[in-house]
Enquirer: 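The structure is given below, and queries will be raised subsequently.
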Amino acid sequence: MKVPLLDLKPQYSTIKEEVLAVTQEIFDSQYFILGPRVEALEADIADYCQVAHAVGVSSGSDALILSLMAAGIGPGDMVLTTPYTFFATAGAIVRVGARPVFADIEPDSYNLSPAAAEAVVAAMTLDEKSRLKAIIPVHLYGQCADMDAMNAIAKACDLVVIEDAAQAIGSEYKGRRAGAMGDFGCFSFFPSKNLGAFGDGGMVTTGSKDLYDRLRILRGHGASPKYHHKVIGGNFRIDALQAAIVNIKLRYLDRWTAARQDNARQYRELFGAAGLDARVVLPAEVQSRHIYNQFVIRVAEGRDALREFLLRSQVGTEIYYPVPMHLQQCFSDLGHGPGDFPEAEAAAAQTLALPIYPELTSDQLAFVVEKIQHFFA
Ligand SMILES: *Cc1c(COP(=O)(O)O)cnc(C)c1O
């Protein structure tokens with residue numbers, strides 16, 4: 001049996017007719033950039049995320065950059081975030097000329113720790129505190145960060161809150177949706193995300209009409225009106241084709257999410273029956289709606305050997321992420337070293353993502369757990 005980490009083909013086969021029909025329409029219209037298809041997706045994503053406004057953009061990475069630009073963050077400014085995330089979170093901060101300030105994660109949720117964030121702020125000089133302008137909590141693997149705590153820190157320090165919700169569309173914290181709890185919510189339609197395009201795409205959500213207007217102007221080179229530029233933006237546009245395909249997939253998202261949640265439930269049962277409690281830590285569900293972009297287990301000893309063994313058994317896995325941001329070579333000028341964020345470093349050394357995509361069969365899930373059991377036996 002083969003169990004790939006992700007296989008998008010079975011999902012495509014269920015929507016192929018709809019996708020080909022809309023593709024045909026767009027090709028016939030020769031209308032490719034922004035326009036009514038993008039506006040329809042923006043309205044539907046705003047509804048889905050329970051937030052007033054949404055702006056379609058070129059990628060999740062650009063959603064972060066555009067949000068930072070709309071918040072007026074640039075050279076000299078500092079932005080608090082997690083060292084245990086996809087590169088784009090920290091990369092966006094540096095791309096706008098600001099400096100990332102890292103605080104460690106919680107070992108159970110892998111999300112930014114409120115206590116660590118508070119301690120980092122408390123240790124800052126007055127000058128640094130005055131330069132700290134934003135906080136970017138990441139809803140890692142599909143589970144929201146502790147947003148009450150994040151918003152409290154933001155309020156105390158007068159920070160803009162940018163949720164990196166790239167892995168968390170439809171995820172909830174105390175009944176509120178990812179992307180509706182901060183000033184900005186940043187989403188990615190990278191194909192491997194729960195709501196993936198047929199290429200790159202992304203979305204920024206915001207509850208503020210003022211920020212919405214700014215995002216839209218900056219998305220198109222800062223022009224307002226056309227060919228008149230009060231500010232410098234960029235090309236952060238999403239294609240009509242990507243928007244139309246994402247909007248078809250949005251109608252299925254809750255079904256697919258339910259299938260991921262059911263796979264997670266089955267894994268918990270299978271692991272429970274396998275008696276691997278001492279070896280394998282299962283993902284904690286600390287928030288109210290985990291959408292399982294990833295199902296990430298933790299193995300204190302032998303993670304890399306387990307991964308090798310699973311690969312030989314035709315089970316796909318991935319390490320999200322092997323090198324935390326503070327140890328990336330390109331951020332060496334920040335002056336961090338091993339030991340600075342021990343929880344992030346331990347997670348990087350011990351975590352392993354297992355296949356969780358909606359179309360997996362119960363037999364495939366059982367095969368994965370059986371192979372893990374073999375490895376430890
Ligand atoms: C995928 C991802 C991004 C970037 O999204 P792209 O669409 O690939 O640019 C940003 N942050 C996190 C946490 C992600 O997982």
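Whatever order the structure lists ligands and atoms in, that order sets their numbers, starting from 1.
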Enquirer: For Lys193, is the nearest heavy atom under 4.0 Å from an atom of ligand 1?
Expert: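 Under 4.0 Å: yes for Lys193.
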
Enquirer: Heavy atoms only, cut-off 4.0 Å: how does Asp62 contact ligand 1, side chain, backbone, both, or neither?
Expert: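 No part of Asp62 comes within reach of ligand 1.
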
Enquirer: Return the residue, atom name and 0.1 Å-rounded distance of the protein heavy atom closest to atom 11 (N) of ligand 1.
Expert: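 Protein heavy atom at minimum distance: Asp164 OD2, 2.8 Å.
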
Enquirer: Under a 4.5 Å cut-off applied to non-hydrogen side-chain atoms, are Met203 and Glu42 in contact?
Expert: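 SC-SC contact between Met203 and Glu42 confirmed.
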
Enquirer: More than 12 heavy atoms of other residues, nucleotides or ligands under 6.0 Å from CG of Leu20: yes or no?
Expert: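 More than 12 heavy atoms, drawn from other residues, nucleotides or ligands, come within 6.0 Å of this atom.
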
Enquirer: For atom 15 (O) of ligand 1, what is the nearest protein heavy atom, given as residue, atom name and distance?
Expert: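 Nearest neighbour among protein heavy atoms for atom 15 (O) of ligand 1, to 0.1 Å: Gln167 NE2, 2.8 Å.
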
Enquirer: Mind checking whether Tyr110 and Tyr141 have ring centres under 6.0 Å apart?
Expert: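 Tyr110 vs Tyr141: aromatic centres under 6.0 Å.
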
Enquirer: Give a yes or no on whether a salt bridge exists between Asp213 and Arg216, defined as a side-chain N under 4.0 angstrom from a carboxylate O.
Expert: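 Here Asp213 does not pair with Arg216 in a salt bridge, since their nearest N and O are not under 4.0 Å apart.
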
Enquirer: Give me the residue, atom name and distance of the protein heavy atom closest to atom 7 (O) of ligand 1.
Expert: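 Result for atom 7 (O) of ligand 1: Ser188 OG, 2.6 Å.
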
Enquirer: With nothing but distance in play, are any N or O atoms of Phe86 less than 3.5 Å from an N or O of ligand 1?
Expert: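 For ligand 1, there is no N or O atom that lies under 3.5 Å from one belonging to Phe86.
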
Enquirer: If the threshold is 4.0 Å, N to carboxylate O, is there a salt bridge linking Arg219 and Asp62?
Expert: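 Salt bridge absent between Arg219 and Asp62.
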
Enquirer: Which atoms of ligand 1 sit under 4.0 Å from any heavy atom of Ser59?
Expert: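 Those atoms are 7 (O), 9 (O).
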
Enquirer: Heavy-atom pairs closer than 4.0 Å: do any link ligand 1 to the side chain of Ala88, the backbone, both, or neither?
Expert: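 Just the side chain.
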
Enquirer: Which residue in the set Phe367, Phe295, Tyr292 passes ring pair (Phe, Tyr, Trp, His ring centres under 6.0 Å) when paired with Tyr267?
Expert: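 The ring pair (Phe, Tyr, Trp, His ring centres under 6.0 Å) with Tyr267 is passed solely by Phe295 among Phe367, Phe295, Tyr292.
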
Enquirer: Of the backbone atoms (N, CA, C, O) and the side-chain heavy atoms from C-beta on, which set of Ser61 has a member under 4.0 Å from an atom of ligand 1: side chain, backbone, both, or neither?
Expert: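 Both parts.
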
Enquirer: Is a side-chain donor-acceptor pair under 3.5 Å present for Ser113 with Asp104?
Expert: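 The answer is no; no qualifying pair exists.
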
Enquirer: Under a 3.5 Å threshold, yes or no: a donor from one side chain and an acceptor from the other, between Arg298 and Gln350?
Expert: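 Side chains of Arg298 and Gln350: pair found under 3.5 Å.
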
Enquirer: Hey, which atoms in ligand 1 end up nearer than 4.0 Å to a heavy atom of Gly60?
Expert: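 Once the distances to Gly60 are compared, the set is 4 (C), 5 (O), 6 (P), 7 (O), 9 (O).
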
Enquirer: Less than 3.5 Å apart, any donor N or O on the side chain of His326 or Glu345 sitting next to an acceptor on the other?
Expert: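 His326 vs Glu345: donor-acceptor pair found between side chains.
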
Enquirer: Any N or O on Asp200 sitting closer than 3.5 Å to an N or O of ligand 1?
Expert: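 No, since none of the N or O atoms of Asp200 sits under 3.5 Å from an N or O of ligand 1.
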
Enquirer: Within a distance under 4.0 Å of any heavy atom of Val138, pick out the atoms of ligand 1 and give their elements.
Expert: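 Those atoms are 13 (C).
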
Enquirer: Within ligand 1, which atoms have a heavy atom of Thr85 less than 4.0 Å away?
Expert: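 In order of number, 13 (C).
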
